[in-house]
Structure formats: structure tokens, C-alpha cells
Amino acid sequence: MNKRLFVFIYLIFLVALGGGLLLHVQSLRAARGNQFLHDGDLVESVFIDSYETIFYNCRIGASIWDPYWDSPDLSLFNFGVFIDFTTRSQSAGPDSMEYWRMIRFRQDRGPNGEYLDSYTLTNIDWATLENQLRVNPGALWIVGNEPDRSVLQDDTYPAMYARIYHDVYQFIKDVDPTARVAVAGLVGFTPGREQYLDIVWDTYITRYGSPMQVDAWTIHPYVLWESGGGGAHVALGTDPGLAIPYDSNCAEPNAICYAEHDDIDLFVEQIVRMREWMWRHGQQNKPLLVTEWSILLPYRWSDGNLFYDENGDTFNPERVSEYMRLTQDYFRNSHNARIGYPADDYRLVQQWLWYPFTWDSVEANASFLVEPQLPYLSTAVGWAWQQYAHSWEPEVNLSVEANSTVVFSPTQEVELSVRLYNTGNVFSNDQVVLTFYSDAQLTQSFYTETLPPQPGCLWGKLVTVPWDRAWIPGAHPFWVKVSGGVESDFSDNVAQGWVLVDPEQIFLPLVVRGR
């Protein structure tokens, strides 16, 4: 579709929908004490009284800082995870919300601003990191924030990022093998950002002789221009010719204008490009986490004047709320059997965090879910988030994946390994039991492992158990079944694996070049 026609139709749709939302808001006045702000006016909402599904939903979260934990409406947003772009020994949020920690750094600069072949951790030192790892086993650690962006964020060339990621990953895994480590989210995933990640990947292989070891990938799918001033800026170390320029003519197909900041097609294009990249690099079987997304352009400037896009429209609460709903619908419902995450029914995105809950800034003020001043009341966008969040139902869905084991002697000890998943959005409501069987009818059990209730969004917890028996050479199948109370789907609770004992081996002579 022609971009100008698409924008025109989309804006007509927003105006029609926005009017309905305003009428609905007005009809809710003076019925209960839950209040939020709409264009500076205090509005009452009764809809929240009917919420029966207030729970910590691990699929959704936000960027949250102190002191906004004191918002009286916090529990109504159903956040199950949060981020604050640093790392703390103890989470600032409720125990039921997962805290994703982040390690920040900068590539060192010389006296004339030149980039050096060294780096510095900026929010933690190695000794403190070791202590935090020991008291927070199994946590998710994100290595950096937007390293592709100069000055404003972690300001690191891609070749140096490969080195930093390697150092941090190895350090984390040496201290806590159960920890999960994720690659930093870039400012969008355009051709320029894809080149940045290609350089990271290739440099890592060249320097360390093997592909990057990654537990999760992250992305910030903002629709932004990269040259012409502001925006995402040209990704460090990449070809400036790949950068998408700004153009006030929104019909220009090779540029981005302000009005396209909430273009759904351009948003989706980045998610698909990222999953395509992961597929090409053997990373399909890893979760993709959106650690930032929202509208970054402001609704109002600091002086109170409105910000207008090229079409003369603002990023008003109705427009931002509709963008929030459409993008979440995409996260929830987009599956692709070729490039999606197999463990999550081939869904493209596993978890997503809105940026920000609130903060005292012009940037992203169109997206605030609560006001940044006391008493931190919900905004109209925050109220829309609450409505959407409560369209979910709590769900548990346990599944298991069995790995195969090779042993080269019948006397060798055998250890089975399986991956445990909970692709639901809440903790299982009972203990999780893994029962191992030697027959397909599941009548001959030989080992049982009992675990405490497992969280939702559990992307492959490794469980190992022994299998003691008299072995003979050959292939020996086993089956494992997971159970843990009420679930939405029991069809994926059994998996089969193999133990291969004393397989035939071919030994090739060592050939040294030049001899």
C-alpha cells in the first residue's frame, strides 16, 4: 500500500477509535476512587473494579525506577518482569516480579576522543559482580544497553562489543553456571543495525574460534531515522550508506518521518528481520526479548506546548494506546514455523517490556503509564494498558525436551539431561515432577526428580539425573514426563531421548600441514 494512503487511513481509524475511547472514559466518571490523569484532568475509572485477573504476568513488564514503586496503581498493571538498566544485589521490586539485571560499559576513549582498544565497566566492578552472581543464582544478565549508539548509551564499536560480551559471559558462567546471559538490544534492527550485529558475530568467531554462546537475544524495535540529526544515529562501526535518513516527506520510501514512528508495518519488519538473522545464525531455538518499546517522541514539550508530526497530529494518549494494543497483539499472536521459537509454539517474541513506566523527562512522555509526580496516578495510556493487561488469563503450560547422551564405554556413568519449559505466564500451582521411564507405555519408571513450582516464561531449565543400570552397546531409548498440576495443554508433557553406548568410532590420522 502507498505509505501516504496507509497513514491517511490509519489516522482516520485512530480519530474514530479515539473518540470512542474518550466517550468511554467520560462515562466512567465518579464511580470509584481509582483515578488517572487525561490531558491534565483528573478522571475516575470504575472498570478496574471488575478486574478479576490481577496477577504477575511474566510476558509483560516495563522499565521502572525508584521512587515509582510507590504508585498506588502498580499492582493493576500485571507486570511480571522489570528492568532498570543497571544491576542491584537485591531487586527493588516485589519478589513476584523478575528483575533483569544489566551490566553497563563504555569503550575507552583517548585524549582526542579516539576509541581505544580497551573498555571499562561503568555500573559495577568485577568483585561486586561476583558477589551479586552468588546471591542471585539463575538470574538473567543483559550485557549492555544500545552499544551501537555513540555517547548517549554504551558507545562501543562492534568488534569491541564481541570482546566485552565474551569476557562478561565467561565470568558470569564461571561463577554461576545456571545464570542466563543475553546480548544487548540495539536501537532498532535496520540494515545498519544488522551489519553491527554481523560484525559482532564474525569478530567473535575470528577471535575465539567458535560462535557466541547466548541464552537470549534482545531488541528495541523503535521506528527511527538514523541520519539527518537525532533519531537512532548511525550505528557505530557500520557503513553510513546503510543508515535510514530523516525526511519530512512521509511518502519517501527510503526515509523515516516523525509520523512513521508508530508505523506498524515498519515495526513488524524489524521483528521479522531479527528473527531471520537469528535463524540464519543457528539461534532460532533461543528466546527473543523486547527490552524496550513504546513511543519515544513526546506528546508535550517541557513548556507544555504540543509536539506535532508532519501531518499536524500529536502523539496523544489515544494514538499511543492504540499503538500499544496493536503491538502487543502482534507479540501475543505472531507465530512462524520457519523462524519462530519452537519451544513457544513458534512465537516470534517471548517477553516484552514497555519503556518507561514513567520518569521525569520529555523523552517518551507520550508513553508514561503513570504521572512522574506524586501521587503517581495512572495516565490515560496507563489506564489503556491496565485494560489490555486484564484481557489475559493466568496460564501454566509445562513441557519437556529430552537430550540424547553418548557414552563410549558400558562402564561409564550415564547422566541424562532434559530441558524444562513453562510457556505459560505464571508459576505452576504445584510442585513439578519429572518422571523418567524405560518404556513408551510409561509403566517402568527408573527415576523421579521433584522440583518446586516453576515460573512462567521458563525457557529451557536444564535438569540432569543419573541412570544406573547394566549397559550393553547399542541405542537405549528413555522417556520423561513432566507434571505440575493444572495446565492449559498436556499434549507436550512427554519427550523421548536416547543413550548411545559404545557407538562405532572412526579414528582418522592426524595430518599436520607441511609434513
Side-chain (Gln107) to main-chain (Tyr157) donor-acceptor, under 3.5 angstrom: yes
Below 30° counts as parallel, above 60° as perpendicular, anything between as tilted: where do the rings of Phe105 and Tyr161 land? tilted
Looking at Gln284, is its backbone amide N or carbonyl O close enough to the side chain of Arg275 to form a donor-acceptor pair, meaning the two atoms are under 3.5 Å apart? yes
Carboxylate-amine/guanidinium contact Lys173 Asp215, below 4.0 Å: yes
Between the side chain of Gln350 and the main-chain N/O of Leu288, is any donor-acceptor distance below 3.5 Å? yes
Tell me whether Asp265 contacts the main-chain N or O of Glu269 through its side chain, where contact means a donor paired with an acceptor under 3.5 Å. no
Can a salt bridge be assigned to the pair Glu322 and Arg325 using a cut-off of 4.0 Å between side-chain N and carboxylate O? yes
Within a radius of less than 6.0 Å around CG of Asp95, do more than 12 heavy atoms belonging to other residues, nucleotides or ligands occur? no
Do you see a donor-acceptor pair shorter than 3.5 Å between the side chains of Asp198 and Trp277? yes
Do the rings of Tyr355 and Trp65 sit parallel, tilted or perpendicular, given the 30° and 60° boundaries? perpendicular
Check: Tyr115/Arg109 side-chain N/O donor and acceptor closer than 3.5 Å: yes
Please evaluate residues Thr291 and His220 with respect to the criterion side-chain contact (heavy atoms from CB on, under 4.5 Å), reporting the C-alpha separation (whole Å), side-chain torsions for both, the decisive distance (0.1 Å), and the verdict. CA-CA 6 Å; Thr291 46; His220 299 172; 2.9 Å; yes
Any donor-acceptor pair under 3.5 Å linking the side-chain atoms of Arg101 with those of Asn136? yes
Give a yes or no answer on whether the side chain of Asn425 reaches the backbone of Gly456 with a donor-acceptor pair at less than 3.5 Å. no
Measuring centre to centre across the rings, with the benzene-like ring taken for any Trp, is Phe82 within less than 6.0 Å of Trp69? yes
Between Gln213 and Tyr208, is any side-chain donor less than 3.5 angstrom from a side-chain acceptor? no
Would you say Gln153's side chain and Asp148's backbone share a donor-acceptor pair under 3.5 angstrom? no
Can any side-chain N or O of Thr218 pair as donor or acceptor with the backbone N or O of Val183 at less than 3.5 Å? yes
CD of Gln90: more than 12 outside heavy atoms within 6.0 angstrom? no
Is there side-chain contact between Trp141 and Val168, with heavy atoms separated by less than 4.5 Å? no
From CA spacing to verdict: side-chain contact (heavy atoms from CB on, under 4.5 Å), Leu416, Val414: CA-CA 7 Å; Leu416 307 179; Val414 173; 4.0 Å; yes
So, Arg332 versus Ser391: side-chain donor-acceptor pair below 3.5 Å or not? yes
Do Gln386 and Asp73 get their side chains close enough for a donor-acceptor pair, meaning under 3.5 Å? no
Any side-chain donor paired with an acceptor under 3.5 Å for Asp176 and Thr178? yes
Between Asn123 (side chain only) and Arg104 (backbone N and O only), is there a donor and an acceptor less than 3.5 Å apart? yes
Does Leu398 offer a backbone N or O that forms a donor-acceptor pair with the side chain of Glu487 under 3.5 Å? yes
Check ion pair Glu395-Arg59 (N to O, under 4.0 angstrom): no
Taking the six-membered ring where the residue is Trp, are the ring centres of Phe315 and Tyr323 under 6.0 Å apart? no
Can the ring centres of Phe331 and Phe267 be said to be less than 6.0 Å apart? yes
Can you tell whether the side chains of Arg193 and Glu146 come within less than 4.0 Å, N to carboxylate O? no
Aromatic contact between Trp352 and Tyr330, with the criterion being ring centroids under 6.0 Å apart: yes or no? no
Any side-chain donor paired with an acceptor under 3.5 Å for Asp344 and Thr423? no
